[in-house]
Amino acid sequence: MSDFPDFQVTFDAQDPHAQAEFWSAALDYEVEDNSQRVQALLDAGHLGSADVVQTKYGLAFAEIAACVDRRASRPRLFFQRVPESKMIKNRLHLDL
């Protein structure tokens, strides 16, 4: 069984970690902890120091972050870093 969800909502972001932290607080989600996976990939030489960042939640992938519902009843929110700034209106947003 995979520890990844069957369904997630993916967002482009300039700062994926800030977005994951904001939305986890707003929705009572939890920032996903990948510190053990990141450390294992570093130890195996599959990631370099430029590929990771230290966050208040531990070691994390530099370019991505996610938050998950503590009750597992709502979709995972996945944030990926993109180099370009926003140019047009968002096609998706969450209404609270």
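When reading the values below, keep in mind they use all heavy atoms of this one structure, side chains included, and skip hydrogens, waters and symmetry mates.
Asn34 and Gln36 share no donor-acceptor pair across their side chains, judged by distance under 3.5 Å alone. There is no side-chain donor-acceptor pair under 3.5 Å between Asp15 and Gln19.
Note that the OG1 atom of Thr10 and the CD atom of Gln80 stand 6.0 Å from one another [nearest 0.5 Å]. Once rounded to the nearest 0.5 Å, the distance linking CZ of Arg37 with CZ of Phe61 reads 6.5 Å. Atom CZ in Phe22 sits 8.5 Å away from atom CG in Leu27 (nearest 0.5 Å). We find the CG-CZ distance between Asp12 and Arg81 to be 12.0 Å, quoted to the nearest 0.5 Å.
No continuous path of hydrophobic side-chain contacts links Ile64 to Phe7 [ILVMFWY only; heavy atoms under 4.5 Å]. No single ILVMFWY cluster, assembled from side-chain heavy atoms under 4.5 Å apart, contains both Leu47 and Val53. Cluster membership check: Val31 does not share its hydrophobic cluster with Tyr29, using side-chain heavy-atom separations under 4.5 Å among Ile, Leu, Val, Met, Phe, Trp and Tyr.
Within the 4.5 Å cutoff, the side chain of Asp51 has no heavy atoms near those of the Glu63 side chain. Looking at heavy atoms from C-beta onward, Phe11 lies out of side-chain contact with Trp23 at the 4.5 angstrom threshold. Using a 4.5 Å heavy-atom threshold, the side chains of Phe78 and Cys67 count as separate.
With a 6.0 Å radius and a threshold of 12 heavy atoms from other residues, nucleotides or ligands, Gln54 has its CD atom above the threshold.
Within the 3.5 Å criterion, the main-chain N or O of Ser73 finds a donor-acceptor partner in the side chain of Asp69. Between the side chain of Arg76 and the backbone N or O of Glu32 there is no donor-acceptor pair closer than 3.5 Å.
When all heavy atoms of His17 and Ala65 are compared, the closest pair comes out as ND1-CB, 3.6 Å. The nearest pair of heavy atoms linking Ala62 to Pro16 is O-CG, 4.3 Å.
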